[in-house]
Protein chains: 2
Amino acid sequence: MSDPLSAVLVALADPTRRDLMAALVDAGSATATTLAGRLPVTRQAVDKHLRVLADAGLVAGSRAGREVRWTARPDVLDESARALAQLAARWDRRLHALKREAEE
Amino acid sequence: MSDPLSAVLVALADPTRRDLMAALVDAGSATATTLAGRLPVTRQAVDKHLRVLADAGLVAGSRAGREVRWTARPDVLDESARALAQLAARWDRRLHALKREAEE
DNA sequence: CCGACGTGCAACCCTGGGGTTGCACGTCGT
DNA sequence: ACGACGTGCAACCCCAGGGTTGCACGTCGG
């Protein structure tokens, strides 16, 4: 699971995590406690999700005194989109090649 | 989870399902039994995964006598890539807007 | 017609992980 | 200095779902 795309896919597969990302992007920057106020889950649950998202690189947190401010990272999502498109292209080429091969 | 992108994300989040897709694309077209031979799982497990992938639209199966031939659908993956890129763009716009707003 | 083969379905096991509660620690404001 | 607040950690509950076995049904070939 070390490859970046897989990490992003796993991270975004969870609906709560998608909601979290949406809330975070909407706020621009927020703490785990604040975000927990916007979602129907506990602060600890939000924290766990943020760590998963951070592992995927979709989010980053920096300490500011007693609180941790989290921000979204759209770049990583963009890279993932590119990787997905590339994968789709590979599949497409492969399938077309097979089709051509079958027609002779 | 009815939205297409979420379905694809969930479908591709599982490593076995990614391997399955790879095997299927490589073969071009195959039955559940054949695919099970390439993976370290049972035919029934492969079948379950194929149904999930089919729900996401990444794969389609058609009956041919007593067997079912499955084929990959790169188009859907391509659409998902686009949707992801679009999402990334939305986030990016939102974050830039917030940043600009903060700097005045 | 009968065996071999591919499939579909159902019950079941078991781990992962989403979610919670509870508490200890560090930091801020007054 | 002291309370309020945000965080980190650990234990725990619970269930979705990945995987299995077992069997019944339909289809093909000889």
Side-chain angles (χ1 to χ4, degrees), chain A residues 1-24 27-72, chain B residues 1-24 27-72:
Chain A
M1 192 202 294
S2 63
D3 80 289
L5 179 58
S6 302
V8 170
L9 290 172
V10 170
L12 293 184
D14 184 76
T16 305
R17 238 140 32 207
R18 285 195 295 273
D19 292 348
L20 224 191
M21 285 301 299
L24 184 54
S29 168
T31 70
T33 309
T34 301
L35 289 168
R38 299 189 175 210
L39 299 182
V41 290
T42 317
R43 189 255 318 170
Q44 285 85 336
V46 169
D47 201 78
K48 283 191 188 177
H49 286 310
L50 283 173
R51 289 170 192 281
V52 175
L53 290 168
D55 281 348
L58 289 167
V59 119
S62 66
R63 176 132 238 146
R66 72 180 154 185
E67 65 183 19
V68 178
R69 300 213 67 81
W70 297 87
T71 51
Chain B
M1 191 198 297
S2 64
D3 80 289
L5 179 57
S6 302
V8 170
L9 289 173
V10 170
L12 293 182
D14 184 77
T16 304
R17 251 164 349 232
R18 285 195 297 271
D19 292 349
L20 224 191
M21 284 301 299
L24 185 54
S29 168
T31 71
T33 310
T34 302
L35 289 168
R38 299 188 175 211
L39 299 182
V41 291
T42 317
R43 190 257 316 172
Q44 284 84 336
V46 169
D47 201 79
K48 282 190 188 179
H49 286 309
L50 283 172
R51 290 172 190 282
V52 175
L53 291 167
D55 280 347
L58 288 167
V59 120
S62 67
R63 176 133 238 147
R66 73 179 152 185
E67 64 182 19
V68 178
R69 301 213 66 81
W70 297 87
T71 52

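Below, chains carry the letters A, B, ... as their sequence lines are ordered, and counting in each starts from 1. Remember, it's a predicted structure, so these values are computed and weren't measured experimentally. When reading the values below, keep in mind they use all heavy atoms of this one structure, side chains included, and skip hydrogens, waters and symmetry mates.
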Toward the 5' end of DNA chain C, by each residue's nearest nucleotide, A/Thr42 or A/Gly65 | A/Thr42

Pairwise 5' ranking along DNA chain D for B/Thr16 and A/Glu67, keeping only the more 5' one = A/Glu67

Identify the heavy atoms of B/Leu53 and B/Leu20 that sit nearest to each other, and give their distance.
-> CD1-CD1, 4.2 Å

Full working for side-chain hydrogen bond (donor to acceptor under 3.5 Å, both in side chains) between A/Thr16 and A/Asp19 | CA-CA 5 Å; A/Thr16 305; A/Asp19 292 348; 5.7 Å; no

Given C/dT27, C/dT7, C/dG19, the nucleotide with the shortest approach to the side chain of A/Val41 | C/dG19

Value in whole Å for how far the P atom of D/dC15 lies from CG of A/Asp14 | 17 Å

Taking atom C1' of D/dA16 as reference, at what distance in whole Å does atom NE2 of B/His49 sit?
-> 14 Å

Got a sec, which residues hit side-chain hydrogen bond (donor to acceptor under 3.5 Å, both in side chains) with A/Asp47, two or more places apart in sequence or on another chain?
-> A/Arg51

Is a donor on one side and an acceptor on the other found under 3.5 Å between the side chain of B/Arg18 and the backbone of B/Ala13?
-> yes

Rounded to whole Å, CG of A/Leu12 lies from C1' of C/dG17 at a distance of 17 Å

Side-chain atoms of A/Arg17 come closest, of D/dG8, C/dG18, D/dG6, to C/dG18

Counting just side-chain N and O atoms, does B/Arg63 come under 4.0 Å of either OP1 or OP2 of D/dT27?
-> no

So CG of B/Asp14 and CE of B/Met21: to nearest 0.5 Å the spacing works out to 12.5 Å

Check step by step if side chain to side chain contact (heavy atoms under 4.5 Å, CB included) holds for B/Leu58 and B/Leu12.
-> CA-CA 9 Å; B/Leu58 288 167; B/Leu12 293 182; 3.8 Å; yes

Calculate, to the nearest 0.5 Å, the distance between atoms OG1 and CD belonging to A/Thr34 and A/Glu67 respectively.
-> 7.5 Å

If each end axis of the helix from C/dC1-D/dG30 to C/dT30-D/dA1 is fitted on five C1' pair positions, the angle between them, to 10 degrees, is 30°

What about B/Lys48: does its side chain form a donor-acceptor pair under 3.5 Å with the base of D/dG17?
-> no

Checking D/dT20, C/dC9, D/dT7 against the side chain of B/Ala45 (C-beta onward), the nearest is D/dT20

Separation of C/dA10 P from B/Arg51 CZ (nearest whole Å) | 11 Å

OP1 or OP2 of C/dG29 less than 4.0 angstrom from a side-chain nitrogen or oxygen of A/Arg66, does that happen here?
-> no

Sugar-phosphate, base or nothing in reach of A/Arg43, heavy atoms under 4.0 Å | base

Name the nucleic acid region contacted by B/Arg69, choosing base, sugar-phosphate or nothing; use a 4.0 angstrom heavy-atom cut-off, strictly under.
-> nothing

Pick base, sugar-phosphate or nothing for A/Thr31, based on heavy-atom distances below 4.0 Å to the nucleic acid.
-> sugar-phosphate

Quickly work out the B/Trp70 CH2 to C/dG6 P distance and round it to whole Å.
-> 16 Å

Euclidean distance, atom CG of residue B/Leu50 to atom P of C/dG6 [Å, nearest integer] = 15 Å

Rounded distance (Å) that lies between atom P of C/dG17 and atom CG of A/Asp47 | 17 Å

When only distance counts, do a donor and an acceptor, one from the side chain of A/Gln44 and one from the base of C/dG18, lie under 3.5 Å apart?
-> no

Taking atom types as modelled, find out whether B/Ser29 and B/Arg69 have a side-chain donor-acceptor pair closer than 3.5 angstrom.
-> yes

